[in-house]
Amino acid sequence: MTLRIALIGFGKIAEDQHLPAIAANPDFELAAIVSLNRPSHIRCPVFSTVGDMFAGLPGGIDAVAICTPPVPRFAIACEVITAGLPVLFEKPPTATLGELDYLIALARARNVPIFTAWHSQYAAGVPAAARALKGEAVTSLTMLWREDVRKYHPGQQWIWQPGGFGVFDPAINGFSILNNIMEEPLLVNRVSMLFPANRQTPISAEVLFHGDDRKAILDWRGGDEDEWKIQIETASGKSVRLMEGGAQLEIDGAPQSLPPRSEYRAIYEDFADVVRRRCSKIDREPLRIVADCFLAAERNAGDDFA
């Protein structure tokens, strides 16, 4: 039976990624969109609130994907989980760890499956990198996550507000990969963050993890090229290098042949399984790492961001 799904929040990520992934998956039918913006090219019903959707769709829906900015997700998720609907969360699932833990407990109490969809964990090179590192002792780790915020978040102001994560909005993708491929947890030691004088969230950061030579360099100011790389060395001499956010992989300097993979199509394949088996798929670690970074951070003031 086809699952009738609603998209809650219809910004850039919903239109660019969720919409085509749903259209390509025969398990799903887009039944509704909840958005304050009313896209004219969408053929399904569009509602302003979740309550309006419940009232306006007498046939009901089977699942929802929440694609709003992080701060409003908690209230929305409480409403739809209480109504018994399975939920897919765009990353990050919530603005705080406490909110996520509350929703996990609520979903368990209501026997409602939820899915924290960390899309970078579905990049083509991630499964092979995890296999290469299985049983290995990591001796060094460098994560470089650099991009231009003006390119990827044009005109979006929520990213600069409390709960918007700043440069950690893209960096959490790298943390989600590391949590997927490493057998030991990433524990934050020291963090230095740079905040534009006129913004509430950081534009760059350096994170040092516990253990020898483990760090992440994050920068949202742009440069010659985007850079989403992870380099790991092990005690046995193995070298594992992920590039392009996990889409490319080198092991011991040799490029690996990887099967073609669409991150969001793979996400919706998993979500269909989550809904039908009524078995949640939850990973709270990437959000925990970001929370620890803010707790441990040294704050530095920079110039205004324009």
Side-chain angles (χ1 to χ4, degrees), residues 1-9 13-14 17-18 21-32 34 50 53-54 59-68 70 73-94 96-124 126-128 130-131 134 172-173 175-183 185 246 259 261-289:
M1 183 179 69
T2 301
L3 301 168
R4 289 166 52 82
I5 190 169
L7 284 177
I8 302 178
I13 195 70
Q17 301 293 345
H18 290 263
I22 291 170
N25 191 319
D27 287 323
F28 289 102
E29 171 194 352
L30 183 62
V34 177
V50 173
M53 178 182 69
F54 288 157
I61 55 176
D62 302 303
V64 303
I66 302 179
C67 306
T68 66
R73 288 184 192 168
F74 177 70
I76 294 168
C78 284
E79 188 173 2
V80 296
I81 291 171
T82 300
L85 292 174
V87 182
L88 182 157
F89 292 91
E90 174 58 53
K91 66 86 188 170
T94 51
T96 71
L97 267 179
E99 290 177 347
L100 179 57
D101 288 344
Y102 181 93
L103 294 174
I104 291 170
L106 178 64
R108 286 173 178 164
R110 300 274 178 167
N111 194 29
V112 174
I114 61 176
F115 178 22
T116 55
W118 302 101
H119 68 84
S120 289
Q121 292 182 345
Y122 289 83
V126 172
R131 290 192 296 270
K134 187 173 179 60
I172 202 171
N173 294 326
F175 296 154
S176 75
I177 292 174
L178 288 170
N179 186 57
N180 197 265
I181 66 177
M182 292 179 62
E183 296 185 319
R261 196 180 197 198
S262 166
E263 294 175 3
Y264 279 85
R265 289 192 184 190
I267 281 173
Y268 275 92
E269 290 169 6
D270 269 9
F271 188 45
D273 188 58
V274 163
V275 174
R276 291 203 163 107
R277 293 177 58 221
R278 300 199 67 79
C279 181
S280 292
K281 186 173 183 179
I282 300 164
D283 184 357
R284 70 190 291 278
E285 279 295 280
L287 186 58
R288 190 273 303 166
I289 294 166

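We number each residue from 1, following the sequence as shown. Not measured: the values here are computed from a predicted model.
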Student: To the nearest 0.5 Å, what is the distance between CH2 (Trp118) and CD1 (Ile177)?
Tutor: 12.0 Å
Student: Does a sphere of radius 6.0 Å around CZ in Phe54 hold more than 12 heavy atoms from other residues, nucleotides or ligands, not counting ones at 6.0 Å or beyond?
Tutor: yes
Student: What distance do Glu285 atom CD and Leu178 atom CG have between them, rounded to the nearest 0.5 Å?
Tutor: 11.5 Å
Student: Charged N to carboxylate O under 4.0 angstrom, Asp273 versus Lys281?
Tutor: no
Student: Within the side chain of Arg73, is there an N or O that forms a donor-acceptor pair under 3.5 Å with the backbone of Thr68?
Tutor: yes
Student: Rounded at 0.5 Å granularity, tell me how far CD in Gln121 sits from NZ in Lys91.
Tutor: 12.0 Å
Student: For a quick test of reading the model, state the closest non-hydrogen atom pair linking Leu88 to His18 and the distance between them.
Tutor: CD2-CE1, 3.9 Å
Student: If you take all heavy atoms of Phe115 and Ile267, which pair is closest and at what distance?
Tutor: CE2-O, 3.4 Å
Student: Run the side chain to side chain contact (heavy atoms under 4.5 Å, CB included) test on Ile22 and Leu7 for me, step by step, so that the C-alpha distance in whole Å, both residues' side-chain angles and the decisive distance to 0.1 Å come before the verdict.
Tutor: CA-CA 10 Å; Ile22 291 170; Leu7 284 177; 3.9 Å; yes
Student: Restricting to non-hydrogen atoms, name the atom on Ala63 and the atom on Val275 that form the minimum distance, rounded to 0.1 Å.
Tutor: CB-CG2, 4.2 Å
Student: Of Val87, Val112, Asn111, Ile114, which meets side chain to side chain contact (heavy atoms under 4.5 Å, CB included) against Ser280?
Tutor: Ile114
Student: So, Arg265 side chain and Asn25 main chain: donor-acceptor pair closer than 3.5 Å or not?
Tutor: no
Student: If you measure from CZ on Phe175 to CE on Met182, what distance do you get to the nearest 0.5 Å?
Tutor: 12.0 Å
Student: Quick one: closest heavy-atom pair of Pro70 and Pro92, and the distance?
Tutor: CG-CG, 3.9 Å
Student: Going by heavy atoms in the side chains, are Phe271 and Leu3 under 4.5 Å from each other?
Tutor: no
Student: Heavy atoms only: give me the nearest Ala124-Pro259 pair and the separation to one decimal.
Tutor: CB-O, 3.7 Å
Student: Give me the one residue out of Ile66, Leu100, Ile104 that meets side chain to side chain contact (heavy atoms under 4.5 Å, CB included) with Thr94.
Tutor: Leu100
Student: Tell me, with the steps shown, if Asn179 and Arg288 meet side chain to side chain contact (heavy atoms under 4.5 Å, CB included).
Tutor: CA-CA 11 Å; Asn179 186 57; Arg288 190 273 303 166; 5.9 Å; no
Student: What is the distance from atom CG of Leu30 to atom CD1 of Ile61, rounded to the nearest 0.5 Å?
Tutor: 10.0 Å
Student: State, yes or no, whether a side-chain contact exists between Pro86 and Arg278 at a heavy-atom distance under 4.5 Å.
Tutor: yes
Student: Nearest 0.5 Å, please: how far is CD1 in Ile8 from CD in Glu79?
Tutor: 8.0 Å
Student: Contact between Tyr122 and Asn180 at the side-chain level, heavy atoms closer than 4.5 Å - yes or no?
Tutor: no
Student: Heavy-atom count check: over 12 atoms from other residues, nucleotides or ligands less than 6.0 Å from Arg108 CZ?
Tutor: no
Student: Pairing donors with acceptors under 3.5 angstrom, does anything connect the side chains of Tyr268 and Gln17?
Tutor: no
Student: Looking only at heavy atoms, which two atoms of Leu287 and Pro93 are closest? And how far apart?
Tutor: CD2-CG, 4.5 Å
